[in-house]
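Note sheet for the following structure.
The sequence lines fix the lettering, A, B, ..., with proteins before strands; numbering per chain opens at 1.
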There are 2 protein chains.
Amino acid sequence: MMKNSGHTRRERPYHHGDLYSSLVKAAEDLLEEKGANALSLREVCQCAGVSHAAPYRHFRDKAALMEAVAKAGFNQLGEMISEARARHPGEPEMQILDAGRAYVAWATENPERTRLMFGGMMKSDTIDEDLHQAAEAAYDEIYRIIDEGRSTGVFGGRDTDSVVLSAWSAVHGLTMLILGSGKLTPENPRDVRALADIIGDTVVSGIRSR
Amino acid sequence: MMKNSGHTRRERPYHHGDLYSSLVKAAEDLLEEKGANALSLREVCQCAGVSHAAPYRHFRDKAALMEAVAKAGFNQLGEMISEARARHPGEPEMQILDAGRAYVAWATENPERTRLMFGGMMKSDTIDEDLHQAAEAAYDEIYRIIDEGRSTGVFGGRDTDSVVLSAWSAVHGLTMLILGSGKLTPENPRDVRALADIIGDTVVSGIRSR
DNA sequence: CATAGATGTTTACGCTGCAAACATAGCGCG
DNA sequence: CGCGCTATGTTTGCAGCGTAAACATCTATG
C-alpha cells in the first residue's frame, strides 16, 4: 500500500535530519550497554530508527563509526583535563592530581568507550587523521600542566615529554588495570578516587624537582 | 566411499590427539596475525585441521578459548617477571627496572595477546577462576620485588600493595599507550626500551624511600 | 517546476558462532 | 575376547552479522 505522502509529517520523515549524530549517540549508548564485542551495527540502526544500510551514507564502514565514537571520547577526555587545569590556576601539582582523578573517573564511568579509544581499532592504514588529532589534543592538555610546572621549577626531569609520558602512563595504567582483568574491581567511585590518589602521590613524588 | 580403516594411520586419525593445545596455539598465532576483531573460530579450526564444531568438545564457546589464550599469556608474563627478579638477586631496584623492561618488551612483541589479556573479555559472570588466578600469579611476582625492597629499606610507601599498584600502573600504562591509539609508535625495540627506562626511572624515584 | 544529487530502503550474499543429530574411536567391563 | 559406553570429531542447519547493489524518496539548485 502506498504510504501517506506529504501532509502528515508526524510519521517519521523519510529523511532523518541528523543521522550522523544520532548514529554516534546510539553507538555510544549501545556500546556501554552491551560491550564492544556484542555491539552490532544493525542494532545501532534499529536504535536510531533507520534501516540497517543507512549508515553507509555517512560512514565508510562499521569501523569508521567506531572511530567517530572514539574521537568524541578523546574530545570529552581532553575537556575534562582542561577543566581540571583551570580549577587550580598556578598550582601544577594540584592540576595533575585533579586531572588524574578526572581521567580515572571518566574512564570508569565510560569503560567501553575507554577501551575502544585505547584498544587498537586502528589498522594503521586506516589511521584516521581526525582521531589522531583528537588524541593529540588530550595529550597537549597534560603537556601544558607539566610544562608550566617545569617552567616554575616545581617539576624536574630532563625534558617535558618524558615527564608527560611518566605521568600519563601511571594514570592510564591505573585506569586500564581498573577496567581490566578483574584484579582491581572497586565497587564505588570512592575507591576509585582513593586509588587515583595513591598513584597521584607517587607520580608527583617521582617527577618533583629535587 | 569408506575411509581406510586401521592400517595406514598416515591419513590424520579421526581423533586429533591433543586438540586442546593445538587450538590454543592456533588461536594465539592467528590472533597476532589477524587481530582480535578479524579472528574467527572457524579459521582457527581450519588451521588446526579440524571441523568447525570440534572446539565445542573442549571449550564452552569462543570466549572460553580466548580465555585460555589469555591465561597462557599471564603465565608467560609472570614467568618473565620472575626471571627478571632472579637476574638481580638482592637488588630490588634493578629487579623492577628489569621486570618493567621485560613487561614492555613482551607486550610489544605480543600486542594482540596483551590487549586480550587486559582488554575486558570477562563479562563478570564468566569470571573464569583460572584466568583470575594466572593474573594474580603475575601480580605476586611484582609484589615479591616490592616487598623485598621495602623490607630492606630501599623502597618506602605506606603499604606494599600501594607501591605495587604504582609501579605496575606506570609500566602497564606505558605498555598500553605504546600499543594504543597511535600516539606512541616506536619503530624498533631500542625505542621501546628507552621509553621503558624513562618510566622506570620515574617509578623508582617515586617509590624510593626518602 | 523540473531534475540531479543526496539520503534512506530493500534485497541479496557470504561469513560467523552455535546447537543438534550423527559418526567414529578408544576404553572398561562382562 | 567382544560388546557397548563415552569421549571426541563431523555434518547439517539456523539466525544474525557486515557489506554491496539496486531501488525509492526527498531536497536543493538551476
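A:F59 meets the ring pair (Phe, Tyr, Trp, His ring centres under 6.0 Å) test with A:Y20; sequence neighbours excluded. Take B:T114 and apply the side chain to side chain donor-acceptor pair (under 3.5 Å) test, not counting sequence neighbours, and it matches no residue. Taking the salt bridge (charged side-chain N to carboxylate O under 4.0 Å, His left out) definition, one finds that B:E28 meets it with B:R113, sequence neighbours left out.
Look at B:H58 and you won't find any side-chain N or O under 4.0 angstrom from OP1 or OP2 of D:dA7.
Atom OH in A:Y20 sits roughly 14 Å away from atom P in C:dG8 (whole-Å rounding). Rounded to an integer number of Å, the gap from B:F59 CZ to C:dA19 P is 16 Å. Note: CG (B:D18) to P (C:dA25) measures 19 Å, nearest angstrom. Going from atom CG of B:L65 over to atom C1' of C:dT16 covers 15 Å, rounded to whole Å. Rounded to whole Å, atom C1' of C:dT9 lies 15 Å from atom CG of A:L23. As rounded to whole Å, 12 Å separates atom C1' of D:dG16 from atom CD of A:Q46.
More than 12 heavy atoms of other shown residues, nucleotides or ligands fall within 6.0 angstrom of atom CD in B:E33.
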What are the atom names and distances for every N/O pair under 3.5 Å that joins the protein to nucleotides 18-21 of chain D?
| residue | atom | partner | partner atom | Å |
| --- | --- | --- | --- | --- |
| D:dG18 | OP1 | A:L41 | N | 2.7 |
| D:dG18 | OP1 | A:K62 | NZ | 3.0 |
| D:dG18 | OP2 | A:L41 | N | 3.0 |
| D:dG18 | OP2 | A:R42 | N | 3.1 |
| D:dG18 | N7 | A:R42 | NH1 | 2.4 |
| D:dG18 | O6 | A:R42 | NH1 | 3.0 |
| D:dT19 | OP2 | A:Y56 | OH | 2.7 |
| D:dT19 | OP2 | A:K62 | N | 2.9 |
| D:dT19 | O5' | A:Y56 | OH | 3.1 |
| D:dT19 | O4 | A:R42 | NH1 | 3.4 |
| D:dT19 | O4 | A:H52 | NE2 | 3.2 |

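Every pair tested for salt bridge (charged side-chain N to carboxylate O under 4.0 Å, His left out) that includes a residue from residues 44-53 of chain B fails, sequence neighbours excluded, so the list is empty. Here salt bridge (charged side-chain N to carboxylate O under 4.0 Å, His left out) pairs that include residues 41-54 of chain B, with residues two or more places apart or in two chains, are B:K34-B:E43.
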